[in-house]
2 protein chains.
Amino acid sequence: MPIKELRHWLPEDGMPKEEELYDLAELYKVFGDSTRVRILFLLLQRDMRVSEIAAALSMTQSAISHQLRVLKNANLVRSRREGKTAVYYLTDDHVRTILSCGMEHVTE
Amino acid sequence: MPIKELRHWLPEDGMPKEEELYDLAELYKVFGDSTRVRILFLLLQRDMRVSEIAAALSMTQSAISHQLRVLKNANLVRSRREGKTAVYYLTDDHVRTILSCGMEHVTE
DNA sequence: TTTTCATATGAGCAGTTGTTCATGTGTTTA
DNA sequence: TAAACACATGAACAACTGCTCATATGAAAA
C-alpha cells in the first residue's frame, strides 16, 4: 500500500494536533539511535533471540535487552517465549516502510 | 514518486553499510524532537522568517535559531536573506515524505 | 557613522540517554 | 530440589541535548 499524502492526516490549517506532534517526535526518537536501527534491520531479515542479536552486533546481552524494551514500548517489536529463550519479531510492516523513507533520503 | 522497496537499498545480506546505518539514525534523530517537527510542519505550509516561527510556536528567537541550525546541518531546510530578515524553507519534498511515513504509524 | 532591527552564536545548566555492572526472574535440566 | 541457562531490570555514570542568557554579526534606517 502506497504512503498516503500528508494532507490526508492534517486539518485545514495544516498543523497536526499537539498530541500527534509529540507522538511523532517520540516515534522518530526511537529510530534515532544506531543500535536500535541495527536491531530493526536484523529483525527485518528474521525473528531472533536476544543472544543472537547481541552476538550479531557485538554488544552485551544487557545493552540489547534494554534497547529491545524501548522498541517494545514503542510497539515496533514484540516477543514470544520459546523454552528458555525469548524470540523478538517486528510488530508489523510499518518499520519496513519507515526505514525505506529514511534510506531514500540517506542514500541520495 | 512512490517509496522504493527497502531491498532496493540493501545488499544481499540485508544489512546496510555501517555509514548508512549511522546516517540513518542521525536523520531520525533530527526528526526526534517536537520543536523541530513543529518547525517542519510550519515550513510545509509556507516559507517563514525566524521571528514568525518563534511567534507561531511561542518560543524565543534564540531557541528557534538554534534548532534551525540543526535542521540546516541535516540539509532539511535552507535559508535566503531578504533585507534584514532570513527566510527559511524546506530543501525538498523528502521532509514531506518522511513526515507522511511517521504520521501513518502515529495516527493508526 | 551611529542607531536599530533581525538573526546567529557561545557558554552554561538541567534534564535525558545509552551503556555497564550487579542482581533478579523464569524456565529447563540434572 | 538444586544448578544452569537465558533474559530482564535497577542503579549509577559519562555523554549528549535543548533551552536560556548574554552578546556578536549583518543589513537597513536615521
Side-chain angles (χ1 to χ4, degrees), chain A residues 18 21-43 46-91, chain B residues 18 21-43 46-91:
Chain A
E18 193 63 21
L21 281 165
Y22 187 80
D23 290 348
L24 191 60
E26 286 304 305
L27 175 67
Y28 288 125
K29 211 170 287 185
V30 176
F31 283 85
D33 174 79
S34 65
T35 297
R36 288 192 291 268
V37 168
R38 264 177 263 263
I39 293 175
L40 291 175
F41 270 108
L42 285 176
L43 295 183
R46 62 180 175 87
D47 302 359
M48 288 181 89
R49 294 183 296 164
V50 179
S51 56
E52 284 183 307
I53 300 173
L57 303 185
S58 304
M59 294 183 63
T60 66
Q61 171 265 315
S62 179
I64 298 301
S65 208
H66 278 298
Q67 297 295 18
L68 283 171
R69 188 153 63 125
V70 174
L71 292 170
K72 205 170 185 177
N73 287 341
N75 196 30
L76 296 176
V77 309
R78 292 180 183 166
S79 66
R80 60 174 183 270
R81 265 266 172 205
E82 282 189 4
K84 284 193 262 193
T85 77
V87 177
Y88 280 78
Y89 57 97
L90 298 180
T91 299
Chain B
E18 192 65 22
L21 280 166
Y22 187 80
D23 290 347
L24 191 60
E26 287 303 305
L27 175 67
Y28 286 124
K29 212 171 286 185
V30 177
F31 283 86
D33 175 80
S34 64
T35 297
R36 287 192 291 267
V37 168
R38 263 176 264 264
I39 293 174
L40 292 175
F41 270 108
L42 285 176
L43 295 182
R46 62 182 176 85
D47 301 359
M48 288 180 89
R49 295 181 295 163
V50 179
S51 56
E52 283 182 308
I53 299 173
L57 303 185
S58 303
M59 294 182 64
T60 68
Q61 171 266 317
S62 179
I64 299 301
S65 207
H66 277 297
Q67 297 296 18
L68 283 170
R69 187 154 64 126
V70 175
L71 292 169
K72 206 168 184 178
N73 286 341
N75 197 30
L76 296 176
V77 309
R78 290 178 184 168
S79 67
R80 60 174 182 270
R81 265 273 171 199
E82 283 190 5
K84 284 192 261 191
T85 78
V87 177
Y88 280 78
Y89 57 96
L90 297 180
T91 299

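In the text below, chain A, chain B and the rest are named by the order of the sequence lines, each starting its count at 1.
The shortest distance between side-chain heavy atoms of B:Leu43 and B:Ile39 falls below 4.5 Å. Counting heavy atoms from C-beta on, the side chains of A:Thr85 and A:Val50 never come closer than 4.5 Å. No side-chain heavy atom of A:Leu90 sits under 4.5 Å from any side-chain heavy atom of A:Asp47. Here the side chains of A:Lys72 and A:Tyr88 are in contact, with some heavy-atom distance below 4.5 Å.
Consecutive Watson-Crick or G-U pairs involving DNA chain D, each under 3.5 Å on both distances, make up stems of three or more pairs at C:1-30 with D:1-30.
When atom types are taken as modelled, the side chain of A:Arg81 and the backbone of A:Lys84 share a donor-acceptor pair closer than 3.5 angstrom. For the pair B:Arg36 (side chain) and B:Val30 (backbone), a donor-acceptor distance under 3.5 Å is present. A donor-acceptor pair is defined here as one N or O able to donate and one able to accept, closer than 3.5 Å; no such pair exists between the side chain of A:Ser34 and the backbone of B:Leu21.
Proximity of A:Thr35 to the phosphate of C:dT19: a side-chain N or O atom is located under 4.0 Å from OP1 or OP2. For A:Gln67 and C:dT17, the shortest distance from a side-chain N or O to OP1 or OP2 is not below 4.0 Å. Taking side-chain N and O atoms only, B:Arg36 has no distance below 4.0 Å to OP1 or OP2 of D:dT17.
The distance from atom CG of A:Leu57 to atom C1' of C:dG18 is 14 Å, rounded to the nearest whole Å. Put simply, CG on A:Asn73 is 16 Å from P on C:dT16, counting in whole angstrom units. Protein atom NZ of B:Lys29 is 13 Å distant from nucleotide atom C1' of C:dT16, rounded to whole Å. Summarising the geometry, the separation between CD1 on A:Ile39 and P on C:dT19 is reported as 9 Å, rounded to the nearest angstrom. Protein atom CE of B:Met59 is 17 Å distant from nucleotide atom P of D:dT17, rounded to whole Å. Atom CG of B:Asp33 is separated from atom C1' of C:dT17 by 14 Å (rounded to the nearest Å).
Remark: A:Asp33 does not engage B:Lys29 in a salt bridge, criterion side-chain N to carboxylate O under 4.0 Å.
Relative ring orientation between A:Tyr28 and B:Tyr28 is described as parallel, the plane-to-plane angle staying below 30° on a 0-90° scale split at 30° and 60°.
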### Summary
Counting primed atoms, P, OP1 and OP2 as sugar-phosphate and everything else as base, the B/S/- map of nucleotides 5-10 of chain D against protein heavy atoms under 4.0 Å is BSBBBB
